[in-house]
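Quick note: residue numbers are just sequence positions, from 1.
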Amino acid sequence: MTRPVDSRPASVKEWRLNLYLSEHDPETTARIVLDTGDNVLETCAEARRNPYDPAVPAIGDELAAGRALVALGRELLRAAAGDIEAVGAPEATPPAPLWSARE
């Protein structure tokens with residue numbers, strides 16, 4: 001089978017993501033460290049239980065981890081925007097936000 005000259009074989013990369021959860025009732029902290037091989041990004045987020053709510057540690061873990069992952073996504077998008085600008089690509093119209101600024 002022949003393929004076009006400009007075609008390249010698929011490239012596979014592996015990025016390492018470590019998620020650390022720390023609970024000090026009523027607060028849970030999530031810290032994420034992403035190692036891309038070229039760069040390391042780190043984000044943190046917290047969740048705080050209302051003192052009148054029952055203690056369910058899994059909920060704090062999920063909230064803190066979810067918030068840290070959203071923050072990591074924002075960091076990656078900012079890094080990509082900086083890289084796009086650095087290579088001189090034309091500015092594009094920014095997409096509509098996926099979530100409100102209140103998060």
Side-chain angles (χ1 to χ4, degrees):
M1 173 179 186
T2 59
R3 38 182 185 185
V5 175
D6 59 73
S7 146
R8 300 183 297 175
S11 171
V12 176
K13 295 181 180 181
E14 181 174 324
W15 289 5
R16 302 263 181 202
L17 185 141
N18 292 308
L19 171 62
Y20 305 96
L21 294 166
S22 172
E23 184 178 344
H24 302 285
D25 196 34
E27 295 178 359
T28 302
T29 302
R31 183 171 71 96
I32 294 178
V33 178
L34 174 66
D35 184 351
T36 69
D38 297 323
N39 295 303
V40 175
L41 296 173
E42 183 176 338
T43 61
C44 292
E46 292 183 342
R48 180 172 293 138
R49 180 178 60 83
N50 183 315
Y52 299 106
D53 289 343
V56 183
I59 294 172
D61 293 349
E62 293 164 350
L63 285 171
R67 290 172 180 164
L69 287 166
V70 167
L72 179 63
R74 289 181 179 146
E75 284 290 318
L76 285 168
L77 291 172
R78 277 193 288 275
D83 292 343
I84 290 168
E85 186 178 323
V87 298
E91 248 183 73
T93 305
L98 298 175
W99 51 83
S100 68
R102 299 183 325 183
E103 289 185 46

Could you pull out the closest heavy-atom pair between [X] and [Y], with the gap in Å?
{"X": "Pro57", "Y": "Glu23", "answer": "CB-OE1, 3.3 Å"}
{"X": "Arg49", "Y": "Pro54", "answer": "CD-O, 3.4 Å"}
{"X": "Cys44", "Y": "Ala68", "answer": "C-CB, 4.5 Å"}

Establish whether [X] and [Y] are linked, either directly or via other cluster members, by ILVMFWY side-chain heavy-atom contacts under 4.5 Å.
{"X": "Leu19", "Y": "Val40", "value": "no"}
{"X": "Leu77", "Y": "Leu72", "value": "no"}
{"X": "Val70", "Y": "Leu76", "value": "no"}

The reported gap from CG in Leu63 to CZ in Arg48 (rounded to nearest 0.5 angstrom) is 12.5 Å
Got a second to check how far Leu41's CG is from Arg78's CZ, nearest 0.5 Å? 10.0 Å
Determine yes or no for a side-chain-to-main-chain donor-acceptor pair under 3.5 angstrom, with Thr29 supplying the side chain and Glu46 the backbone. no
Can you give me every donor-acceptor pair (side chain of residues 30-37, partner residue at least two apart or in another chain, under 3.5 Å) with its distance?
residue : atom : partner : partner atom : Å
Arg31   : NH1  : Glu42   : OE2          : 3.2
Asp35   : OD1  : Gly37   : N            : 2.8
Thr36   : OG1  : Asp38   : N            : 3.3
Thr36   : OG1  : Asn39   : N            : 2.9
Thr36   : OG1  : Asn39   : O            : 3.1

Quick one: side chain to side chain donor-acceptor pair (under 3.5 Å) partners of Glu85, sequence neighbours excluded? none
